[in-house]
Amino acid sequence: MAASSVASPLCTWLVAACMSVACEKDHPLKSSMFQTPKRLSRWAKRRLQCSNGGVDYFSSGWISSFYGSSIHNLMSSCLAFEPCEAYSSSKGLSSSLAFFGDNGFSLFGSKSSPMNHRQRRMNRAAHSDKNMAVAVKPAAEVTAKKKPLTKQRRVVVTGMGVVTPVGHDLDVFYNNLLEGVSGISEIEAFDCAQFPTRIAGEIKSFSTDGWVAPKLSKRADKFMLYMLTAGKKALADGGVTEDVMSELDKARCGVLIGSAMGGMKVFNDAIEALRISYRKMNPFCVPFATTNMGSAMLAMDLGWMGPNYSISTACATSNFCILNAANHIIRGETDMMLCGGSDAAIIPIGLGGFVACRALSQRNSDPARASRPWDINRDGFVMGEGAGVLLLEELEHAKRRGANIYAEFLGGSFTCDAYHMTEPHPEGTGVVLCIEKALAQAGVAREDVNYINAHATSTPSGDLKEFQALIRCFGQNPKLRVNSTKSMIGHLLGASGAVEAVATVKAIQTGWVHPNINLENPDQGVDTNFLVGSKKERLDIKVALSNSFGFGGHNSSILFAPYK
């Protein structure tokens, strides 16, 4: 009956508080909107009379407020009064609270069931004048006691690791970029004579020795091996030795490394084996094909028990992972995060899929010059493979262990074009919105950004739309310099954002930005005054922006700056 009208233990407490007002002999509340419910028995009415004053609660409207009004009306009535002293006494309370489940009907649904732990706790709270007062004070006073704002935790980059077509060592990788060395060549992993595209940023020589257990190396997909290797290299670069590792609170260390394509080779091999029999399939084909398993395996190897998952947003995967990893640190959930991306899709099904999309360059006769962002003769992007991992760390945590700090993460953002699966928005609205949100989130002025590592994949429409968006946001800064790492390594898909973030941080550390190779005849509408030329340039970077976009209209922007 009445129990069906009340669903929350909070209501029970509020009723106890509100009913105390009725103990006053001259109760001021008389309202036509509170009427006595006819369905209640005379016994229930008698039980609800105050032992001191004999006041009928129905004539006062308290119980009817449960039936004829919303809980808002109840609270509005209750909050106008203080509890009476007589009702706060144990005698008055015990006689009037009998209907809460001891002897009368229960607000929790049973007429005679004993009170549970929560009900007993509510009754004890009702005994306290102090607690009762809190329940009936105006909401403004209650909400005034907010937790004081704390200073935002700063995030810094203390380690980096890469596996790329131009080098697997951090310094070798960036020195090759500065010298304009191309990692694009003919594909050697399989016979691709039947394909119109036969070039890629393929990793020719790669060893997991010292980084990954031999047994796992034989079974796992290359995307996972690249990820594990780059992740451990980032730790080594960050000075996380065995001694340091033993002192870390591993519950506050996490791994967030994603992949756009996952274990395509393992999955493809499983399909081929299934043509014969399921008994021929790799028993690990399912876990080794999923995009999250690289992060999981790395965390298991390290014993890191903090946040562990992956994000897959096509070519924007790495930036999404980096941004979310940084947010875990900022919110105080972790002190260290390994983050980034990895992909290894240069196999027949991967190459064939992008050929079918008509997205790839067919400049097979001159591979090193095939990836040419912003050049009028670009004819599509060049596939690449590899991994990039950053070690992000809370500033004070890094300082306590004496870590080398490369740069500071300032903030970032992500948006969606909500326009097309593969084509960018013709007005670049999603990109502009993403950049503006990143600047606002980081508290950075437009004029402070003087270096941009652009997404620039060497596609006809994508390059131009991104450049136009950049000029809309930063065109008033004549000192702005823009380049594209993809001109040398190709498009590493889900790993591209992390590898380019590494290049951005290395530019901050060294003071040198790498060139744009193959930019021989700039497209119309591309202002070369903002683009880095064919040679590396010296630049005192104030704030750097790293952009990454993906199929599905995913946009992401990250801001880094020198640590001061």
Side-chain angles (χ1 to χ4, degrees), residues 147-161 210-213 216 220 224-259 287-288 290-312 317-342 387-412 498 501-502 505 558 563:
K147 183 179 179 180
L149 293 175
T150 57
K151 186 177 180 181
Q152 179 169 303
R153 287 157 56 94
R154 297 170 65 182
V155 180
V156 292
V157 181
T158 56
M160 297 182 288
W211 303 107
V212 182
L216 179 61
M224 187 181 295
L225 300 180
Y226 293 161
M227 183 187 298
L228 293 171
T229 303
K232 291 186 177 180
K233 285 183 176 181
L235 284 178
D237 182 61
V240 183
T241 62
E242 291 185 6
D243 291 339
V244 173
M245 185 73 77
S246 64
E247 296 177 358
L248 293 177
D249 181 354
K250 295 183 180 179
R252 295 183 59 80
C253 300
V255 184
L256 209 176
I257 307 175
S259 175
F288 283 174
T290 57
T291 58
N292 73 298
M293 198 53 63
S295 273
M297 293 297 292
L298 183 55
M300 293 176 202
D301 202 349
L302 302 175
W304 285 16
M305 300 173 66
N308 182 270
Y309 56 102
S310 68
I311 296 172
S312 184
T317 291
S318 288
N319 272 17
F320 274 67
C321 290
I322 294 169
L323 284 169
N324 279 276
N327 286 335
H328 281 297
I329 297 175
I330 291 171
R331 291 195 297 264
E333 297 166 357
T334 59
D335 296 321
M336 301 178 76
M337 291 290 296
L338 284 169
C339 55
S342 177
V389 177
L390 287 77
L391 176 62
L392 300 185
E393 194 166 353
E394 193 273 326
L395 175 60
E396 298 304 320
H397 187 274
K399 289 165 66 175
R400 282 195 297 271
R401 71 178 187 88
N404 174 50
I405 297 175
Y406 283 109
E408 181 171 3
F409 167 91
L410 298 183
V502 170
V505 172
I558 302 178
Y563 166 66

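- Ser295 meets the side chain to side chain donor-acceptor pair (under 3.5 Å) test with no other residue; sequence neighbours excluded.
- A salt bridge links Asp335 with Arg153: at least one charged nitrogen is closer than 4.0 Å to a carboxylate oxygen.
- Closest non-hydrogen pair, Thr317 versus Ile311, comes out as CG2-O, 2.9 Å.
- Listed by chain and residue number, nothing satisfies the side chain to side chain donor-acceptor pair (under 3.5 Å) test with Lys233 (two or more places apart in sequence, or in another chain).
- Residues Val156 and Phe409 have side chains not in contact (no heavy-atom distance under 4.5 Å, counting atoms from C-beta outward).
- Listed by chain and residue number, Glu333 satisfy the salt bridge (Lys or Arg N to Asp or Glu O under 4.0 Å) test with Arg331 (two or more places apart in sequence, or in another chain).
- A heavy-atom distance below 4.5 Å is not found between the side chains of Val155 and Glu408.
- Closest of all the heavy-atom pairs between Gly340 and Ala498 is CA-CB, 3.7 Å.
- You'll find the side chain of Leu228 reaches within 4.5 Å of the side chain of Leu216, heavy atoms only.
- Ser342 contributes no side-chain N or O that, together with a main-chain N or O of Ala387, makes up a donor-acceptor pair within less than 3.5 Å.
- The backbone N or O of Gly258 lies less than 3.5 Å from no partner atom in the side chain of Ser310, so there is not a single donor-acceptor pair.
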Return a table of donor-acceptor pairs under 3.5 angstrom between the side chains of residues 242-251 and protein atoms on other chains or two or more places apart.
unit_1	atom_1	unit_2	atom_2	d
Ser246	OG	Asp243	O	2.6
Asp249	OD1	Ala251	N	3.2

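- Not one N or O on the side chain of Arg154 forms a donor-acceptor pair closer than 3.5 Å with the backbone of Ile330.
- Every residue two or more places apart in sequence or in another chain that forms a side-chain contact (heavy atoms from CB on, under 4.5 Å) with Ala403 is listed here: Thr158, Glu393, Ala398, Arg401.
- You'll find the side chain of Thr334 stays beyond 4.5 Å of the side chain of Cys253, heavy atoms only.
- Taking the side chain to side chain donor-acceptor pair (under 3.5 Å) definition, one finds that Tyr406 meets it with Asp237, sequence neighbours left out.
- Taking Phe288 as the reference, Phe284 meet the ring-ring contact (aromatic ring centres under 6.0 Å, His included) condition, with sequence neighbours excluded.
- Contact of the Val502 side chain with the Val157 side chain is not registered, since no non-hydrogen atoms from C-beta on lie closer than 4.5 Å.
- By the side-chain contact (heavy atoms from CB on, under 4.5 Å) test, Cys339 is found to be paired with Ile322, Ala325, Leu390, Leu392, residues two or more places apart in sequence or in another chain being considered.
- Closest non-hydrogen pair, Ala234 versus Val389, comes out as CB-O, 3.7 Å.
- Under the side chain to side chain donor-acceptor pair (under 3.5 Å) criterion, Asp301 pairs with Lys232, not counting sequence neighbours.
- In this structure, CE on Met293 lies 11.0 Å from CE on Met227, to the nearest 0.5 angstrom.
- Taking 4.5 Å as the limit, some side-chain heavy atom of Leu338 sits within range of a side-chain heavy atom of Trp304.
- Using a 4.5 Å cut-off on side-chain heavy atoms (C-beta onward), Asn324 and Tyr309 make contact.
- Applying the side-chain contact (heavy atoms from CB on, under 4.5 Å) test to Ser259 and every residue at least two apart in sequence or in another chain returns Phe223, Thr291, Asp343.
- Not a single salt bridge (Lys or Arg N to Asp or Glu O under 4.0 Å) links Glu394 to another residue, sequence neighbours left out.
- Residues Ile257 and Val255 form a side-chain contact, since some pair of their non-hydrogen atoms from C-beta on lies under 4.5 Å apart.
- With sequence neighbours excluded, no residue forms a ring-ring contact (aromatic ring centres under 6.0 Å, His included) with His397.
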